[in-house]
Amino acid sequence: MKFLVIGSGGREHAIIWKLSQSKKIEKIYCAPGNAGIAEQAELVNIKVDDFEALAKFALENKIDYTFVGPEVPLALGITDFFNSKGLKIFGPSKKGAMLEASKTFAKDFMRKYNVPTAEYKTFNEFSAAEKFLKEEWDENKKVVVKADGLAAGKGVIMCRNRAEALEALKEIMQDKSFGSAGDKIIFEQWLEGQETSILVFTDGKHFSIMPAAQDHKRVGDGDTGLNTGGMGAYAPAPVATKELLKKVNEEIMPNIIKGLEKENIDYKGILYIGFMVDNGNPYVLEFNCRFGDPETQVIIPLLKTDLADIVEHTVAGTLDKVNIEWSDKSAVCVVLASGGYPEKYEKNLPISGLNDVKEDEAVIFHAGTKRADDGNILTSGGRVLVLTSVAADIKSAIDKVYKTVPKIKFDKMHYRKDIAQRALQWINKK
Ligand code: AMP
Ligand code: GLY
């Protein structure tokens, strides 16, 4: 089989690393990819939203399956486009991707199909939203203000009182800080608790859940500083207890599947469910229509089943026919970022030590790298590399990954030192 993977980050490297272990696959292409991906796949210089060129490439090269990494092409309808050309593709339809691309769509879906979520109110107009805050919102009550559309993870503003909410409303709907993502707005009840991400494979009728993961979004230790795309992750997350997983398997996911069927949503791919767990009760904060980054870099190394098999069955609508198995070990990943990230940072800095990391210490997934003409690997993004270690338990995986990280060096490299400490705290509390 031949695969085309779309995307260029650590997530796509993890997907390709796993696909490359499949005996069924003879060739993998990646558009556009990065320097690490180039070790396992042939890079194709086509942008992720150039559907005409991607489909032409897939047809000419007799690609059996295209696997979409990021949300943007899904939200733009790549799946519908490929299907119209008779091409098989792993990823939800445009309507399915709206579960991520429109927060109001997702919230209304949750309300309609009994998926537990924070209370909310949506507005299409600035004046009505402002009136609501001024007249119906308690001056000192906390609220989460969200832009409706895709905003690269930035359109969510946590407000401690009405004044901050009015600021956020202005930023989103008047200043248009997130562009057209701010055409609609949501005010949401501020939930307390711990977050966990539960991802599922689904063909729209059947589903299979993956080990729960936890991301670390803030740039600094102890969850301080600015938000990032994610600075590290671990799986399985102990906050997702047996009871919680049972609830996801027996109530939440069946309700979601019912919704997909009733709404005629063609959904063949991954549904990422971001939960807030408050006193053991899960509330859905958000849906993503794809694998998470860096969650994938800890989930995929625990997957024992051939990913190509899962893709085939998902696309065929026979996900119930594949037995998906997971390792009982734990995985921890640490993101090595460029100095300054998530704000301005330098690029093109040489990276050393990549060959000093042994496979049983950590897998290196490239996120933002490129190969220079002289063969050296250079930094080319904010998140540069992701190191994942797998061990018998979380504590051993943490020790292993942090012993390995110092082998890698580039000027102004920074990373969080406390990835997965929350898991240890949780376990110790019990
Ligand atoms: P979202 O993109 O909707 O998941 O929001 C991004 C982040 O904002 C989440 O991962 C949470 O940390 C936080 N967040 C979003 N909604 C809420 C909420 N209702 N209560 C508390 N925190 C939230
Ligand atoms: N790590 C969060 C995301 O992929 O959306």
Side-chain angles (χ1 to χ4, degrees), residues 7 9-12 14-15 68-72 74-75 97 99-107 109-110 115-122 141-160 164-165 168 172 178 181 184-199 210 212-219 223-224 226-235 237 239 270-278 281-300 333 335 337 342 365 367 382-383 386 416 419 422:
R11 162 181 55 205
E12 287 75 19
I15 292 164
V68 189
E71 63 277 16
V72 168
L74 292 167
L99 286 173
E100 171 165 2
S102 166
K103 288 183 187 293
T104 53
F105 180 83
K107 291 292 279 190
F109 180 94
M110 290 185 235
V115 175
T117 189
E119 283 171 37
Y120 68 101
K121 213 167 162 59
T122 56
K141 198 168 159 192
K142 299 199 285 188
V143 60
V144 184
V145 179
K146 300 184 175 184
D148 178 58
L150 289 179
K154 296 196 185 80
V156 173
I157 306 177
M158 313 288 294
C159 303
R160 281 164 299 180
E164 287 185 8
I172 292 173
F178 311 104
K184 288 187 200 168
I185 201 160
I186 306 186
F187 297 137
E188 207 174 283
Q189 172 197 4
W190 179 319
L191 298 171
E192 306 287 348
Q194 258 212 65
E195 287 180 58
T196 182
S197 312
I198 300 184
L199 284 73
M210 311 185 200
Q214 199 174 57
D215 187 8
H216 296 64
K217 289 199 168 127
R218 300 297 186 115
V219 70
D223 296 324
T224 53
L226 294 173
N227 255 328
T228 70
M231 293 298 288
Y234 65 91
V239 60
I270 284 150
L271 180 68
Y272 166 133
I273 316 175
F275 284 103
M276 181 71 87
V277 185
D278 180 10
N281 293 315
Y283 296 90
V284 176
L285 289 180
E286 63 165 341
F287 290 128
N288 293 323
C289 61
R290 36 113 192 139
F291 260 129
D293 192 340
E295 290 89 334
T296 309
Q297 292 91 308
V298 289
I299 292 172
I300 286 279
C333 79
V335 172
F365 296 119
R383 293 190 291 178
V386 185
R416 272 182 69 161
I419 301 300
R422 252 183 278 145

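Order of listing sets the numbers, starting from 1, for every ligand and every atom in it. In this chain, numbering begins with 1 at the start of the sequence shown.
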Residue V144 vicinity, atoms of ligand 1 by number, heavy atom under 4.0 Å:
16 (N), 17 (C), 18 (C), 19 (N), 20 (N)
Can you list the atoms of ligand 2 that are under 4.0 Å from a heavy atom of N288?
5 (O)
What closest approach, in Å, do P294 and G229 show between heavy atoms, and which atom pair accounts for it?
CD-O, 4.1 Å
With the threshold set at under 4.0 angstrom, would you say E192 reaches ligand 1 through any of its heavy atoms?
no
Quick check: L191 and ligand 1, any N/O pair under 3.5 Å apart?
yes
Going through the checks in order, is the side chain to side chain contact (heavy atoms under 4.5 Å, CB included) test met by L199 and I273?
CA-CA 6 Å; L199 284 73; I273 316 175; over 6 Å; no
Numbered in order shown, the ligand 2 atoms found under 4.0 Å of a heavy atom of G292 are 4 (O)
Sidechain N-carboxylate O distance under 4.0 Å for D223, R422:
yes
Closer than 4.0 angstrom, basic N to acidic O: yes or no for K103 and E188?
no
Sub-4.0 Å atoms of ligand 2 with respect to non-hydrogen atoms of Y272:
2 (C)
Heavy-atom contacts with M276 under 4.0 Å: which atoms of ligand 1 show up? List them by number with element.
21 (C), 22 (N)
Measure from atom 5 (O) of ligand 2 to every heavy atom in K217, E286, R290, E71 and give the option owning the shortest one.
R290
Quick one: does K103 get an N or O within less than 3.5 Å of an N or O on ligand 1?
yes
Check whether any heavy atom of F291 sits under 4.0 Å from an atom of ligand 2.
no
Checking side chain to side chain contact (heavy atoms under 4.5 Å, CB included) for the pair V143/V145: CA distance, chi angles, key distance, verdict?
CA-CA 6 Å; V143 60; V145 179; 4.3 Å; yes
So among E295, E100, R290, which one has a side chain to side chain donor-acceptor pair (under 3.5 Å) with Y272?
E295
Please state which part of L285 comes within less than 4.0 Å of ligand 1, counting heavy atoms only: side chain, backbone, both or neither.
both
Decide side-chain hydrogen bond (donor to acceptor under 3.5 Å, both in side chains) for T117 and K107; before the verdict, give the C-alpha distance in whole Å, the side-chain angles of both, and the deciding distance to 0.1 Å.
CA-CA 8 Å; T117 189; K107 291 292 279 190; 2.8 Å; yes
From CA spacing to verdict: side chain to side chain contact (heavy atoms under 4.5 Å, CB included), I270, M210
CA-CA 10 Å; I270 284 150; M210 311 185 200; 3.9 Å; yes
Spacing of Q297 atom CD and F365 atom CZ [to the nearest 0.5 Å]:
6.5 Å
Determine whether F291 and E12 satisfy the following criterion, side chain to side chain contact (heavy atoms under 4.5 Å, CB included), listing intermediate values before the conclusion.
CA-CA 9 Å; F291 260 129; E12 287 75 19; over 6 Å; no
Taking 4.0 angstrom as the limit and counting only heavy atoms of E295, give me the atoms of ligand 2 inside it, by number and element.
1 (N), 2 (C), 4 (O)
Which is closest to atom 13 (C) of ligand 1 by heavy-atom distance: R218, E119, M158, K146?
M158
Tell me whether Q189 at atom CD has more than 12 heavy atoms from other residues, nucleotides or ligands lying less than 6.0 Å away.
yes
Close approach, G229 and ligand 2, non-hydrogen under 4.0 angstrom
yes
At less than 4.0 angstrom from any non-hydrogen atom of K217, what atoms of ligand 1 do you find?
10 (O)
Can you name the atoms of ligand 2, numbered from 1 with element, that are less than 4.0 Å from a heavy atom of D215?
1 (N), 2 (C)
Ligand-side contact atoms (ligand 1) for residue partner E286, heavy atom cut-off under 4.0 Å
1 (P), 2 (O), 3 (O), 4 (O)
